[in-house]
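Atoms within each ligand, like the ligands themselves, are counted from 1 in listed order.
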Amino acid sequence: MSRSLRMAVFLCCFQAVAISLLAISTLAAEQVVSEGVLGRGETWETPWRAIDSRVEGPTVVVVAGLHGNEPAGYRAAEQIKYWPIAAGKLVVLPRVNRLGLAANTRWAPEFRNDRARRDLNRNFPTSDRDEVLTPVCQAVWKFVQEQKPEWVFDLHEGFDFHRLNSKSVGSSVIAFPAEAEFASLLCREVNADVAVDRQFDLLAKSGPVRGSLARACGERLAAKSFILETTFKSQPVSLRARQHRRMVSTAFLQIGLIDSDCTDRLAPASAPGVTRIALFDDAGANEAKVLKVIDDRPDSIVCHVGGVDMKPQVLEQFDVVVFPGGSGSKQGAAIGAKRRGHVRDFAERGGGVVGICAGAYLCSSHYTWSLDLMNAAVFNKSFEIPGKGRKSMWFRGPATDVDVEVTSRGATVLGVKGLSSVRYQNGPILSPGDDPDLPTFEPLAFFRSENGIYEPQKNTMIDTPAVVAAQYGLGRVLAISPHFESTKGREAVVRSAIEHVRRRGDQKR
Ligand SMILES: [Zn+2]
C-alpha cells in the first residue's frame, strides 16, 4: 500500500468513529502531524495530537489529565506533543478530563455525584468488566485501541510524597511486575535531581490500579503501560512538569522514539502567529492571576518555568518571559546570579521580558538580586518609625486600589487610555538609577494617588511611574508596578504588555 493510501485509510478510520479531524500537515522531513478532537461538540470533548515519523518504530501513547486536579501531567503532555520524534509514532491525549482540569477537580464534573463513574481512571475495562463507564472514557478507549500502542504512559500527580506518606502514590512510577526493570530506570533518572526524602519510588508489585487506563492497556492490549506520578504538594508546576518530561524523555530514548534528550523541550520550535510565553512559577512567584488571563488562548502557548529553566537552551524556545508578583528577592535568588545573566542575554538577543510588581522589582537595577534590565532605582529607604522601629519604605500596607494614568504612548502599548483605578500591592516606586550604562526607561503610566502606612511615605508615590518600558539590546522590557491582572476590566493590559515585548520577526537574533 502506498503511503498516501495508508494515510487515507488512517483518516477514514478516524472519520468512521466520528472523530473530527482538525488539520493535517507535513513537517520537516516526512513527518505527518495530525490533530483532532474526540467527541467534538460534546461537553466532554477532548483533543489529541499525533506525530508519525514514517520511520519504522513503536507506537507510543501518552495520556494526561484524567484527574483534573493534577495539572503538571497535562502541562507536560502539552509540551511532549511537540517533541521531534526520530522513529515510530507518538500519540498524545493531553487533557482527557478537560472540564475537571478547568475546574481543578479530580472528578469529571458531570459525574461528581456518581461515585462509580466520577473517577475517570477507574472507568476502563477490568478483568471482569468489559463496559467502559463514561462517554469520554469510551471515546478514549476506542481511540487508544485503534492506535495499537506498544507503550502507554499515563501522567498523574499525587497529593504527597509516597516515600513520606504511603497513602499517596505521589512521586512514583507504577508498572506491571514484568516492566519493573524499565520503570526503575525512569526512577533512577528522575531521582538524579531529587532530594532523598522526595525521591521517586518504584511501585511494581501489583501493577496499575483496577479500572485505570494503564491497567486496561496492559491487560487487554498487551501494551507496556506505566503511570508516572509527580507530587503537587509544595512544589511548583514547572518542577513537576520537568520531572514528567524527564521520565518520558528517558523512556522515549530507551524505546528509540527520540534520539536526543528532550527534558528541556517545553515549547514548539516554531509556532507561527503564536506567542510562546514562559511564566515564572518558582520560589517567590504568585503566578495564578497572570496565568488566568494568558492561559488557554489560541494566540499563545504558556509554559511554567523555574529558576533552573533560565538557561539559553530553554529561554530560546520562548518569545516572552513573565515574572509575576510575589517576592522579588526570592525570585532573584531562585534564578541565581549566573542564570540572571542568561535572562539578560535572552533580552539582548531580542527576547521580551515582562515584570509585574515583584517582577518589576526584579527588572530594576536596584538590588544585588536584580536582573539589571534597566537603569531603575526603587524607593526603599529605611526610617525610624516611632514605636515601631526601623522600617523599609517599600512596604505600603495591604492591597488597595490606586489611580493610574496611562500616557498617550502608554495607551498604544497597553491598550487602555486615561485614568483608572488599579489594584496595588507594594509594587516598586521607580526612579532613574545610577548606572548610565543600562537602558533608560520610558514611563507609560503614572500613579496619580498613593498608598502608604508611614509618615515618610507621604507624597513619594504620586506622579511616579506605574508602568515603564525599556529597550535592552534587541529585546523589550516592560515593568508594571500595580496589578492590572487583578483589576476587573483591566486584565487584558497584561496581554497587551506581553504582545508589546514579544520578539518581532525583524528583531530576531
Ligand atoms: Zn491521578
Looking only at side chains, do H67 and D119 share a donor and an acceptor under 3.5 Å apart? yes

Of all the N, O or S atoms in H67, the one nearest to the Zn ion (ligand 1) is ND1

Rounding to 0.5 Å, atoms CG (L120) and CH2 (W44) come to a distance of 11.0 Å

Within the distance-only criterion (no hydrogens, no angle test), does the side chain of H162 pair as donor or acceptor with the backbone N or O of Q199 below 3.5 angstrom? no

Closest to the Zn ion (ligand 1), among the N/O/S atoms of H156, is atom ND1

Next on the checklist: Can you tell me if, anywhere in E70, an N/O/S atom lies at a distance from the Zn ion (ligand 1) that is smaller than 2.8 Å?
Outcome noted: yes

- Task: Compare all side-chain heavy atoms of R502 with those of V354 and state whether any distance is below 4.5 angstrom.
- Result: no

